Amino acid sequence: MIRVLLFAELEDAAGARELDLSLEEGTVSDVRAILKEKHPNLNAIDQAMPAVNEEYANGDDKVKAGDTIAFIPPVSGG
Amino acid sequence: MIRVLLFAELEDAAGARELDLSLEEGTVSDVRAILKEKHPNLNAIDQAMPAVNEEYANGDDKVKAGDTIAFIPPVSGG
Amino acid sequence: MVFKITDAPIDVGRVIEQVEDRNAGAINTFIGTVREMTKGKRTLYLKYDAYVPMAEKKLAQIGDEIIQKFPDAKVSIVHRIGELAISDVAVVIAVSTPHRGDSFDGCRYAIERIKEIVPIWKKEHWEDGTKWIGDQRETTAYPSGKPRKEDLI
Amino acid sequence: MVFKITDAPIDVGRVIEQVEDRNAGAINTFIGTVREMTKGKRTLYLKYDAYVPMAEKKLAQIGDEIIQKFPDAKVSIVHRIGELAISDVAVVIAVSTPHRGDSFDGCRYAIERIKEIVPIWKKEHWEDGTKWIGDQRETTAYPSGKPRKEDLI
């Protein structure tokens, strides 16, 4: 199981801040593709930065069961 | 009578913050020359900016009885 | 030095105290507040949300980056989340350094970096609707979904 | 907006309040404090003196200059005089503007101008003596006894 976190407009689009994906192993890009398939209105996820276990990651970085992957839309703090 | 104000090292050198000059009319440069003659240890007055009635002035600006002329050594606020 | 996300009002004086130092001659503080008018549109209130644990990590990382540039600096950053009214304080940054130029540069660096790498989002509430605001720096944001390399320090 | 010389401790929060504005999104604050070590020399305490009425006029002039550059800015500056211990606050500048860049630039401008045109002097007290410090900007100060033209605005 991989924990997925969605924020801001992604949370609104998915109707949830947290999702569980039953995936044992894969890449960040795999997770992104699965999410887009399951939630066709999550297109904005392409503009989001992925973070694995609270650190920014790249599409080909690995994720495995127990990891948390967050999709971070363009930020606007300050 | 013209009121003269001296600050910082000029005050220390003259031993006074305030002096009265019995002058009816003259220029800023006149006042400076008189002060240097009366107080030979006021040489640092050459590095001071003159101010007449609380506004910076030039050497050839006029002063007259009733005016206040201040000599402002290099400042160091902040 | 403190790096914190909070849902309570920020005590500016406390943030400043956290960077006091006998060898600091300068403390620069940036306070970000909720502005009423932006490009002719009236904001009623804002809502800030954050990915809290990662946001606090990234604030601390910004502090480390400033100390790399200015080894004698001390830095504290507190960002508020939740609902904020006009004039409420959203963020306070304090940077102390021995000399004044570095305190300005360090503080300016911090606010720019917050807008690049800290997972905090602002939702504007206007009279006629709401919107999550992205990318205040108006750079093209992660067009490929990948962060720029320099943001991955 | 307040421009004041005082012999009492400065309340930083009060200075910041004086520049609050519904259309400010940014407040930059500069706090100048007494630093213990300067170029390897230990300061015991400082004494600040001022030509008070002219200094307050010049602080207000600096405020006017900032508003000329940034018409929506609000500015307050308070400078303390008398005897100050290590870490005591000597000066607080607060500048609010709609956008953050202007608040940094306005505040930076203020501290640089204070060091050019405001009649305030600092006397350092070290273990081995005292000295009136002139000309912190390390420009050649009025070599002819005349101010530079741009300082006479």
Side-chain angles (χ1 to χ4, degrees), chain A residues 2-20 26-63 66-78, chain C residues 5 30-34 46-59 61-62 77 79-81 89-93 110-124 130-153:
Chain A
I2 288 170
R3 190 173 164 233
V4 175
L5 298 178
L6 300 169
F7 298 98
E9 65 262 36
L10 297 178
E11 178 179 353
D12 291 352
R17 190 181 183 93
E18 209 173 319
L19 301 171
D20 285 323
T27 65
V28 167
S29 296
D30 294 340
V31 174
R32 199 197 296 267
I34 296 169
L35 287 169
K36 281 165 70 177
E37 212 183 285
K38 287 198 176 180
H39 301 270
N41 54 348
L42 267 186
N43 277 329
I45 206 169
D46 287 339
Q47 279 73 55
M49 273 168 93
V52 175
N53 300 331
E54 302 174 7
E55 275 304 333
Y56 288 114
N58 286 303
D60 49 8
D61 285 341
K62 303 274 185 236
V63 286
D67 284 345
T68 297
I69 178 166
F71 288 92
I72 312 239
V75 303
S76 56
Chain C
I5 305 292
F30 179 80
I31 302 170
T33 57
V34 178
L46 290 184
K47 242 177 187 157
Y48 279 96
D49 195 5
Y51 180 13
V52 175
M54 181 167 168
E56 291 186 337
K57 265 194 193 173
K58 290 290 143 189
L59 293 179
Q61 174 187 320
I62 293 170
I77 309 175
H79 202 300
R80 186 172 169 192
I81 55 173
V89 171
V91 63
V92 178
I93 304 164
I111 184 65
E112 300 305 325
R113 282 299 267 170
I114 286 171
K115 290 168 186 291
E116 281 176 350
I117 65 162
V118 181
I120 299 176
W121 301 272
K122 173 163 83 174
K123 192 176 198 171
E124 288 268 6
T130 67
K131 187 172 187 289
W132 286 105
I133 305 297
D135 190 23
Q136 290 189 303
R137 300 185 73 242
E138 287 166 28
T139 49
T140 308
Y142 334 130
S144 66
K146 286 186 194 170
R148 286 162 293 166
K149 267 288 169 241
E150 68 267 27
D151 291 343
L152 292 174
I153 296 162

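What you are looking at is a predicted structure, and each value in this text was computed from that prediction instead of being measured. First the proteins, then the strands, lettered A, B, ... as listed; each starts at 1.
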Chemist: Side chain, backbone, both or neither: which part of A55(C) has a heavy atom under 4.5 Å from chain A?
Modeler: neither
Chemist: Is it the side chain or the backbone of D12(A) that comes within 4.5 Å of chain C heavy atoms, both, or neither?
Modeler: side chain
Chemist: For chain A, find which of H79(C), R80(C), K47(C) contributes the most heavy-atom pairs closer than 4.5 angstrom.
Modeler: H79(C)
Chemist: Less than 4.5 Å apart, any side-chain heavy atom of W132(C) and any of P74(A)?
Modeler: no
Chemist: Nearest 0.5 Å, please: how far is CG in L5(A) from OH in Y51(C)?
Modeler: 5.0 Å
Chemist: Contact between V75(A) and K58(C) at the side-chain level, heavy atoms closer than 4.5 Å - yes or no?
Modeler: no
Chemist: How long is the straight-line distance from CD of E54(A) back to CD of E56(C), given to the nearest 0.5 Å?
Modeler: 10.0 Å
Chemist: Does the side chain of Y56(A) reach to within under 4.5 Å of the side chain of M54(C), using non-hydrogen atoms?
Modeler: yes
Chemist: Do the side chain of W121(C) and the main chain of F7(A) share a donor and acceptor less than 3.5 angstrom apart?
Modeler: no
Chemist: At their closest point, which heavy atom of I111(C) faces which heavy atom of G78(A), and how far apart are they?
Modeler: CD1-CA, 3.8 Å
